[in-house]
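Numbering of residues begins at 1 and proceeds along the displayed sequence. Every value quoted in this text rests on a predicted model; they were computed, and no experiment measured them.
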Amino acid sequence: MKPVIRAILRSAVYQLKYMDAVPDSAVCNEAVRLASSRGFSGLTGFVNGVLRNIARHKDQITYPSVTEDPVRALSVRYSMPEWITSRFLSDYGTERCERILAAYLEERPVCFRVDTRNDSPEEIKASLKKQGIRVTADARLPYALYLEGYDAPEEIPEFAEGKLYAQDSSSMMVVEIANPRQGDLVLDVCAAPGGKTIHAAQWMDGTGEVIARDVSESKIELIRDNIRRCRVPNAQAEVWDARLFDPKMEEAADLVLADLPCSGLGVIGHKADIRYRTSEEQIRALAELQRQILSTVCRYVKPGGILMYSTCTVTKEENQQNTQWFLEQFPAFLLAQERQFLPDEGCDGFYIAKLEKSK
């Protein structure tokens, strides 16, 4: 089928199935007109016949059974490629898998982190509500707020002044669990766009130093823009490829943040196209890249220091299995805390492992 015709039919079937205010006859006629206007007048009979047949039988359409074929059934129901659905079924079981897939399709307001150095979450909430913005506090973190009823973050004065930073609550848990001490040296090795860098710098209340690194100048400039907007004088950004060892940083950092490149399957709710761009081969390649980076950046941790390994995905190869591999390869580290957040928990899918180095 020609791509244009396929797109016309898909949009028309959506109208037939879900847009009750549009008469079926109008849907069919408009699709025929579209096909003709795009130069496919010879296929208007085909388009008309398919759609009128679907219109007559739309209430008799059957879907694959979850009981008989859960992979195909959930794949169709939630528009998820079968290979991802199969993985989730294997890792989390049918009930949890379906909750995760359903969560990807839910509308969720953007989460913002409050800079609590000068303003309390209550003060920020009161100001936002006066502007007509709907505010919901996160159940886990009092400084995480979900905002609705605004046009763009840049138009919110608190955002423009650096008092708010757009960041999912699961991502905020990295610094929350790491709990850097005042005066610490923190190295963020894959930092763009800078959320954890800024969170750590604010957590230490302007003391210590946070060095943010990423692989390109464009990414570093994005971090610098956010550092300036959020007014954190104890943070700086520099270009560095995390795969390359920096002898100047050997055993220098109290805390290393390693939020590493991953498949991103935890954030499909925000970036729907990830499901179509990722593959099994890419997951294996990314898991290997993570091991390469972890093997390098763990050398920056002081005795008694902490390595925070995190990803925004939910695959075991990129998360738990890599943590287990790391502990076997680097026995000087112990697993202090491990947490896998899943999308049905009201946040992004996110993995965190807190690894402590012996003194």
For this session: Go through the steps to decide whether E158 and R229 satisfy the test salt bridge (Lys or Arg N to Asp or Glu O under 4.0 Å), and finish with yes or no.
Result: CA-CA 11 Å; E158 285 79 4; R229 181 177 62 81; over 6 Å; no

So, [X] and [Y], do they make that salt bridge, N to O below 4.0 Å?
| X | Y | result |
| --- | --- | --- |
| R77 | E98 | yes |
| D91 | K316 | no |
| E176 | K196 | no |
| E280 | R87 | yes |
| E217 | R224 | yes |
| D188 | R213 | no |
| R96 | E345 | yes |
| E221 | R228 | yes |
| R275 | E82 | no |
| E288 | R284 | no |

Problem set entry | Between N319 and Q340, a side-chain donor and acceptor under 3.5 Å |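 A donor-acceptor contact under 3.5 Å links the two side chains.
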
Exercise. Would you say the side chains of Y351 and T323 form a donor-acceptor pair under 3.5 Å?
Worked result: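 There is such a pair (donor and acceptor under 3.5 Å, judged by atom type) between the side chains of Y351 and T323.
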
For this session: For F333 and S358, run side chain to side chain contact (heavy atoms under 4.5 Å, CB included): C-alpha distance rounded to whole Å, both residues' side-chain angles, the deciding distance at 0.1 Å, then the answer.
Result: CA-CA 6 Å; F333 287 84; S358 58; over 6 Å; no

Please set out all donor-acceptor pairs under 3.5 angstrom arising from side-chain atoms of residues 66-75, sequence neighbours excluded.
{"unit_1": "D69", "atom_1": "OD1", "unit_2": "R72", "atom_2": "N", "d": "3.3"}
{"unit_1": "S75", "atom_1": "OG", "unit_2": "M80", "atom_2": "O", "d": "2.5"}

For this session: Evaluate whether atom CZ of R181 has more than 12 neighbouring non-hydrogen atoms of other residues, nucleotides or ligands under 6.0 angstrom away.
Result: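 It does not: R181 CZ has 12 such atoms or fewer within range.
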
For this session: Look at the side chain of E30 and the backbone N and O of V27, then say whether any donor-acceptor pair between them is shorter than 3.5 Å.
Result: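 Flag not set: sc E30 to bb V27 has no pair under 3.5 Å.
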
For this session: Please answer: with hydrophobic residues joined when any side-chain heavy atoms are less than 4.5 Å apart, are V267 and I100 in the same cluster?
Result: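 Yes; I100 is reachable from V267 via cluster members.
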
For residues 106-115, run the donor-acceptor check on the side chains, cut-off 3.5 Å, and write out each pair with its distance to 0.1 Å, sequence neighbours left out.
{"unit_1": "R108", "atom_1": "NH2", "unit_2": "D348", "atom_2": "OD1", "d": "2.9"}
{"unit_1": "R113", "atom_1": "NE", "unit_2": "Q167", "atom_2": "OE1", "d": "2.8"}
{"unit_1": "R113", "atom_1": "NH1", "unit_2": "Q202", "atom_2": "OE1", "d": "2.6"}
{"unit_1": "D115", "atom_1": "OD1", "unit_2": "R117", "atom_2": "N", "d": "3.1"}
{"unit_1": "D115", "atom_1": "OD1", "unit_2": "R117", "atom_2": "NE", "d": "3.0"}
{"unit_1": "D115", "atom_1": "OD2", "unit_2": "R117", "atom_2": "NE", "d": "3.0"}
{"unit_1": "D115", "atom_1": "OD2", "unit_2": "R117", "atom_2": "NH2", "d": "2.7"}
{"unit_1": "D115", "atom_1": "OD2", "unit_2": "Q202", "atom_2": "NE2", "d": "3.4"}

Exercise. What residue pairs, at least two apart or across chains, pass side-chain hydrogen bond (donor to acceptor under 3.5 Å, both in side chains) with a residue in residues 12-24?
Worked result: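 Passing the test, one end in residues 12-24: D24-K58.
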
